[in-house]
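As structure tokens, the structure follows; a few thoughts come after it.
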Amino acid sequence: MTQTLLTSSPRVIEQIDWKGRAVSILPLAVLVVLVLIVTSQQPNFVGIASVRGLLESMAPILLLALGQMFVILTGGIDLSFAVTASFGTVLLALWIPELGALGVLAMLATTTLIGLINGFVIAKAQIPSFIATLGALGLYSGLGLAISGASTIRISTGYEAIGWITDLRVAQLPLSALLVIVVAIVISVAMRVLASGKSFHAIGLAEKALLMSGGSTVRIRILAFTLCGLFSGLAGVMLAASQRSGGPTLADSLQLPAIAAVVIGGTAITGGVGGAIKTLIGALIIVMLRVGLSAVGVDPSFEQIVYGVVIIAAVVLTIDRSRIGVVK
Amino acid sequence: MSAPVLQVKNLTKSFKGVVALNDVSFEVRRHEVVGLIGENGAGKSTLLKILSGIYQPDSGEILRNGKKIVFRTVKESAAAGIGMVHQEQSLVTSVTVAENILLGAEGDAVVGGIYNWKVLNRKAQKQLDKIGSPISPTAGVEDLTFAQRQMVELAKALGVEEYTADEPVIVLDEPSSVLEGDELEVLFAQIDRLRQIASVVFVSHRLDEVLRVSDRVYILKDGVCVAERNPETADTDELHRLMVGRESSAEFYREGDQKSVVGADVLLKVDGLSRQKAFSDVSFDVRKGEVVGIAGVLGSGREELTRVLFGAEGCDSGTILLDGTSVRFSSPVGAVAAGFGYIPAERRIEGIAQSMSVQENIFLADSRPVSVGPFMMVNKARQVADEWISRLRIRTPSRNTNINNLSGGNQQKVVLAKWLNSPRLKVLILDHPTRGLDVGAKEDVYTFIRALCDQGIGIVLLADTLEETIALSHSIIVMRDGEIQRRFDAAPGQKPLPVDLVEQMV
């Protein structure tokens, strides 16, 4: 087997995928253009104060987007992730006065469990993630409303357990937001260096091939949703810290921008292509868009419209139609 | 003499620099059955796709009754009276026979967007009558057998007559590949009947059948029409030689490299294995370095058997002993961990991980040889991937190339590398390992199979053809209706003949 005994005639085909390359650097180009536009409108934008504001508003979106990214890489979607984060803020507000830091851990454990259950139902019962998490969306938003009495709960006693998130600064920048960026980088590196790092991608691209190679697609799919739950919880902690409260709809308005961040960063909605750095760029684009819109005088209530359009446009631009037979 | 009903002149077509058809010419005369044979990759399907309007040729022309025509779409091809019966059936299974036959050609059977069932069924019946088929237009396609569905396809293809004043040309793409016994006879009778009302192009790789039904035979090899033969004077050996371009089949299948396994340890012992509605009481041994070929027609249970061995499906009773230890898998995860490998027939879906790189595919099943704990050693992985690429002579620009850009044969080599890379591999199940490969790539696969045997790996083989099964195997099991019918010893020089196997298969 060590020597070659073969006879095939060479048949090497290498085409350079120009369209693919263009699409893959597009997000970064969009980000640069946005920065240029905003700076030209507001020359003082490059100041430390606005960068701080940018990072603070980006952090929860990026956390949600990173969690969602795992699911989207496998070719699924978790529609309940923002609601789970909202639910988490309510739990936190209820638990933190008595449990303190332990309450934070309990809340993270709960949202992680929510993700685990989602993943388990989807992978074991083999139902579309879209419909399973749509059900979960109803379930946890209802639960959140019920246990909070449909109102915002102020966190005062025990706030110190999460207060550091808004207080600690490194070079005048919020430490927590910088940590989130570090997390994104760590995920990106892990996907490169871990032997199983490409498992999420492999499910999204070729689930059957992975299965027939002895890969556990069930386990990886459950892991993706579990991570999504964990990251929703982390986003909830950040939101609760910055708002000093928990609320049953606190994170709901981040649903669209977080999904938009994933897809505009270049993670394919059909799964298999993408990563954490792409998602980081996507989240930066989303917050720059937010800043840019207010810079050009767009009413903030129009933001959701923009996110909706951004999601559709990003998918239209990047989707690989050759991999989809029939659109359903 | 009038012009041929269909004439193809100097057709050339290439894809991304690979020439699929090179200056191919042939003609079909009135009421004639023309056989078209060639190995996989010889250009048959490209030619058919041009005839049905799916591909446009780079150069060359198509003449119908001496007049030049150009097909841009499937509809235009149908309008010229060319009807296709596809190899992979293209019926909508959830609706009735009549709806399928008139799909896209309903005409006055649809009034205001609503079916007029009476007209629809009458029109369908008219098509079915042409081929004398007893199938009812109101039957649901899902209730029909494969052979019956083919008849429906045929009736549908004959529908192109409605578009043209002239008699149609019906192209049958590998119609016999999944038929057997009586069903084949029905098909041949049908072709004889078609000869009265149409001209037929019969595409197949079963040489005896082509010789039997055709008036003339064209042989395609590597995109070139290499010969035209008269079935009266040609025999299958000659056609095979023209098609494959090689004298000796023993050489082709590397029979000289087959080593005796007498006295070798039993690696895999299957005892009394049963799965309801698939197979029952199946027992056999695979020794170290042995190729056990399993022959059988569709429905013999051999596909299900291999999927049970690999854990992709469960079984009801029986035992599987691997190296003397009893094993039973609920999923391929366990089977792979225990030392099974599987090269599936559905290469593009189950074999390669599409859109991933060559290197990622190589380490899909087992990355431990290049890992420390959970970490992949990036440099070692690159080095090992390159080693496999050169060892198996995988034609790829680099290890990072998207596997979709490789030819079928090279993709299959990557799938092989994926298993060879795993140090725990003991038994490799090969499900049609050479399907869709060109001749050179097939030879490479045969070479690997022999080399794997030398390493003491046991192989369970479901081959594409009986010839392949016989030539590659040390022993052969013939299955019929889910049971082992007979075992054959297939040592070099004492190999059974295809006819011996067929007797047990049907």
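Each chain gets a letter, A, B and so on, in the order its sequence line appears, and its residues count up from 1.
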Which bit of Leu364(B) is near chain A, if near means a heavy-atom gap under 4.5 Å: side chain, backbone, both or neither? both
Of all heavy-atom pairs linking Ser371(B) and Ala195(A), the shortest is OG-CB, 3.4 Å
Applying the side-chain contact (heavy atoms from CB on, under 4.5 Å) test to Lys208(A), which of Glu346(B), Gln354(B), Arg348(B), Glu350(B) qualifies? Glu350(B)
With respect to chain B, which residue among Thr217(A), Leu210(A), Val193(A) yields the maximal number of heavy-atom pairs within a distance under 4.5 Å? Val193(A)
Whether over 12 other heavy atoms sit under 6.0 Å from Arg192(A) CZ: no
Going by salt bridge (Lys or Arg N to Asp or Glu O under 4.0 Å), name the residues that satisfy it together with Glu303(B), two or more places apart in sequence or in a different chain. none
Top of Ser331(B), Gly373(B), Pro374(B), Ser367(B) for chain A proximity - count of heavy-atom pairs under 4.5 angstrom: Pro374(B)
Tell me, for Phe340(B) versus chain A, whether the close heavy atoms (under 4.5 Å) come from the side chain, the backbone, both or neither. neither
Do other residues, nucleotides or ligands put more than 12 heavy atoms under 6.0 Å from Arg219(A) CZ? no
Could you pull out the closest heavy-atom pair between Leu205(A) and Ser355(B), with the gap in Å? CD2-CB, 3.6 Å
Contact part of Ala335(B) toward chain A, heavy-atom cut-off under 4.5 Å: side chain, backbone, both or neither? neither
Pairing residues for Arg368(B) by the salt bridge (Lys or Arg N to Asp or Glu O under 4.0 Å) criterion, not counting sequence neighbours: Asp366(B)
Please say whether more than 12 non-hydrogen atoms of neighbouring residues, nucleotides or ligands are located less than 6.0 Å from NZ in Lys426(B). yes
For Met212(A) versus Phe310(B), what's the shortest heavy-atom pair and its separation? O-CZ, 3.3 Å
